[in-house]
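The structure appears right after this line, and notes come after that.
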Amino acid sequence: MEPIPECEGYYSWNYNFSQPPRLLSGSWSEFSFQPENFLKGCKWAPDGSCLLTNSADNTLRIYNLPPELYNEEEELKNAEMVPVLRMAEGDTIYDYCWYSLMNSGQPDTCFVASSSRENPIHIWDAFTGQLRASFRAYNHLDELTAAHSLCFSPDGSKLFCGFNRTVRIFSTSRPGRQFETRPTFAKKQGQSGIISCIAFSPTQPLYACGSYGCSLGLYSQDDGSALALFSGHHGGITHLCFHPDGNRLFSGARKDTELLCWDLRQPGHLLLSLTREISTISVSTLTWTRQDSF
């Protein structure tokens with residue numbers, strides 16, 4: 001992997017897949033204190049400086065990258081990484097995400113959101129691990145309901161949350177229980193099922209929602225109006241990821257041997273299917289590197 005200078009202060013990356021990847025570092029003992037405490041997922045910080053993980057012990061952990069990675073002349077000794085922060089939720093974590101404008105040079109932007117069963121949405125400080133704020137969603141019986149998916153808007157002003165047949169939107173500047181409701185299914189039409197994942201287009205004012213009903217929907221960011229609805233997965237959709245050019249959308253689902261690529265210039269048109277082996281009910285994890293080679 002070699003950096004390629006594009007302009008002053010910015011680099012893209014060229015990846016060479018002709019050789020097997022080399023292990024640089026990892027974290028093993030951290031997850032061995034509790035029996036069967038397996039890792040359930042990890043997400044890069046938007047500025048690339050650290051990692052956020054989720055595991056079976058309902059704890060979020062933040063890892064800083066080994067400092068040797070920032071110095072090409074310094075040899076990486078393959079030392080084990082240790083989390084700098086641990087944030088414990090009260091029950092099974094449904095989803096978690098970084099603030100979209102996170103920059104480690106600006107501490108006020110360094111926070112993460114998480115949602116867990118029978119709990120409000122929590123906002124955690126990524127410098128101290130302390131709870132910053134909470135967002136609470138209630139149903140028609142005034143009962144607290146937990147969000148199944150979370151995603152900050154690209155400008156960071158709103159937090160989009162997935163529920164059963166509904167997306168609820170909180171203002172990040174106003175914690176509490178006030179939210180906008182956008183139903184995805186009404187009068188027996190639309191996207192049914194729990195909204196299990198949400199992703200924003202990097203180039204257009206729209207967002208995508210995946211559901212456990214195996215459907216994928218595109219919506220206007222401004223008012224939530226449905227733009228397209230299509231299906232192709234055999235299991236509940238768990239992850240969505242836009243290509244950096246905004247023209248393609250990738251999706252993955254439970255117990256599904258395919259990762260699907262959709263051409264948004266022709267909504268509903270399946271551009272590509274990537275086959276993989278599935279032996280468990282583990283979910284897909286989709287992310288883009290900064291290289292645009294597809």
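- With hydrogens and angles ignored, the 3.5 Å screen pairs no side-chain donor or acceptor of Ser116 with any backbone N or O of Ile93.
- Interatomic distance, Leu85 CG to Tyr63 OH, rounded to the nearest 0.5 Å: 11.5 Å.
- Distance alone, capped at 3.5 Å, is enough to place a donor-acceptor pair between the Ser196 side chain and the Gly210 backbone.
- A heavy-atom distance below 4.5 Å is not found between the side chains of Trp28 and Ser32.
- With a 4.5 Å cut-off on side-chain heavy atoms, Ile237 and Cys197 count as touching.
- Residues passing the side-chain hydrogen bond (donor to acceptor under 3.5 Å, both in side chains) test with Lys43, sequence neighbours excluded: Asp95.
- Evaluation of the salt bridge (charged side-chain N to carboxylate O under 4.0 Å, His left out) rule for Glu30 yields Arg61, Arg86 as partners, not counting sequence neighbours.
- Between the side chain of Asp256 and the backbone N or O of His233, no donor-acceptor pair lies under 3.5 Å.
- Leu65 and Val82 are not part of a single hydrophobic cluster, where members link through side-chain heavy atoms under 4.5 Å apart.
- The CD1 atom of Ile195 sits 8.0 Å away from the CG atom of Asn164 when rounded to the nearest 0.5 Å.
- Annotation: side-chain contact (heavy atoms from CB on, under 4.5 Å) contacts of Gln178 (sequence neighbours excluded): Arg174.
- Looking at residues two or more places apart in sequence or on another chain, you find a side-chain contact (heavy atoms from CB on, under 4.5 Å) between Ala126 and Ile62, Trp98, Cys110.
- Applying the side-chain hydrogen bond (donor to acceptor under 3.5 Å, both in side chains) test to Asn64 and every residue at least two apart in sequence or in another chain returns nothing.
- Between the CG atom of Asn119 and the OG1 atom of Thr145 there is a distance of 11.5 Å, given to the nearest 0.5 Å.
- Under the 4.5 Å side-chain criterion, counting only non-hydrogen atoms from C-beta, Phe163 is not in contact with Ile194.
- Using a 30° and 60° split on the angle between ring planes, Phe170 and Phe135 fall in the tilted class, from 30° to 60°.
- The minimum heavy-atom distance linking Leu240 with Ser251 is given by the pair CD2-CB, 3.6 Å.
- The salt bridge (charged side-chain N to carboxylate O under 4.0 Å, His left out) analysis of residues 211-225, with sequence neighbours excluded, yields no pairs.
- When the options Phe152, Phe242, Tyr219, Phe160 are evaluated for a ring-ring contact (aromatic ring centres under 6.0 Å, His included) with Phe200, the one that passes is Phe160.
- Residue Pro66 comes nearest to Met81 through the heavy atom pair CD-SD, 3.8 Å, listed as atom of the first residue, atom of the second, then distance.
- In this structure, the side-chain hydrogen bond (donor to acceptor under 3.5 Å, both in side chains) partners of Ser104, at least two apart in sequence or on a different chain, are Asp47.
- Residues in residues 120-130 take part in these salt bridge (charged side-chain N to carboxylate O under 4.0 Å, His left out) pairs, two or more places apart or across chains: Asp125-Arg132.
- Residues forming a side-chain contact (heavy atoms from CB on, under 4.5 Å) with Thr257 (at least two apart in sequence, or on another chain): Ile278.
- Interatomic distance, Cys151 SG to Lys158 NZ, rounded to the nearest 0.5 Å: 13.5 Å.
- Residues Ile198 and Leu229 do not share a hydrophobic cluster, clusters being chains of Ile/Leu/Val/Met/Phe/Trp/Tyr side chains in contact below 4.5 Å.
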Worked check of side chain to side chain donor-acceptor pair (under 3.5 Å) between His122 and Glu89: CA-CA 9 Å; His122 290 148; Glu89 277 286 7; 2.9 Å; yes
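- The closest donor-acceptor contact from the side chain of Ser115 to the backbone of Ile121 lies at 3.5 Å or more, if one exists at all.
- In this structure, Leu131 CG and Trp124 CH2 are separated by 5.0 Å, a value rounded to the nearest 0.5 Å.
- Between the side chain of Asn37 and the main chain of Asp57, a donor-acceptor pair closer than 3.5 Å is present.
- Using a 4.5 Å heavy-atom threshold, the side chains of Ile123 and Val112 count as separate.
- Side-chain N/O atoms of Thr275 and Glu258 include no donor and acceptor closer than 3.5 Å.
- Under the rule for a salt bridge (charged side-chain N to carboxylate O under 4.0 Å, His left out), the partners of Arg177 that lie at least two apart in sequence or sit in another chain are Asp142.
- The same ILVMFWY cluster, assembled from side-chain heavy atoms under 4.5 Å apart, contains both Leu60 and Val84.
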Derivation and outcome, side-chain contact (heavy atoms from CB on, under 4.5 Å), residues Leu144 and Arg136: CA-CA 7 Å; Leu144 179 69; Arg136 299 175 179 269; 4.0 Å; yes
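- Judged purely by atom type and a 3.5 angstrom limit, Ser55 has no side-chain atom pairing as donor or acceptor with the backbone of Phe38.
- The backbone N or O of Gln106 sits less than 3.5 Å from a side-chain atom of Thr109, completing a donor-acceptor pair.
- Looking at every heavy atom in both residues, Trp262 comes nearest to Leu216 through NE1-CD1, 3.7 Å.
- Cluster annotation: Leu206 is connected to Leu249 through the hydrophobic network of ILVMFWY side chains, with a link wherever side-chain heavy atoms come within less than 4.5 Å.
- Leu52 and Trp44 fall into different hydrophobic clusters, defined by Ile, Leu, Val, Met, Phe, Trp and Tyr side-chain heavy atoms under 4.5 Å apart, directly or through other members.
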Audit row: Glu80, Ser29, side chain to side chain donor-acceptor pair (under 3.5 Å) steps and yes/no: CA-CA 9 Å; Glu80 183 172 358; Ser29 59; 3.0 Å; yes
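- Gly235 and Ala253 get closest at one heavy-atom pair: O-CB, 3.4 Å.
- By the side-chain hydrogen bond (donor to acceptor under 3.5 Å, both in side chains) test, His148 pairs with no residue at all, sequence neighbours left out.
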side-chain contact (heavy atoms from CB on, under 4.5 Å) between Phe179 and Ile169, intermediate numbers included: CA-CA 5 Å; Phe179 52 82; Ile169 304 170; 5.9 Å; no
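- Residues Ser192 and Ser211 approach most closely at O-OG, 3.0 Å, considering heavy atoms.
- At distances below 3.5 Å, not a single donor-acceptor pair connects side-chain atoms of Glu180 with backbone N or O atoms of Arg168.
- Checked by atom type and distance alone, the side chain of His243 pairs as donor or acceptor with a backbone atom of Asp245 at under 3.5 Å.
- Closest non-hydrogen pair, Gln191 versus Cys209, comes out as NE2-O, 2.9 Å.
- In this structure Glu118 satisfies the salt bridge (charged side-chain N to carboxylate O under 4.0 Å, His left out) test with no other residue, sequence neighbours excluded.
- Counting only distance, with no hydrogens or angles, the side chain of Thr184 and the backbone of Arg165 share a donor-acceptor pair below 3.5 Å.
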Derivation and outcome, side-chain contact (heavy atoms from CB on, under 4.5 Å), residues Leu218 and Leu264: CA-CA 9 Å; Leu218 294 178; Leu264 300 187; 3.8 Å; yes
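- Note that the CZ atom of Phe111 and the CE atom of Met87 stand 13.0 Å from one another [nearest 0.5 Å].
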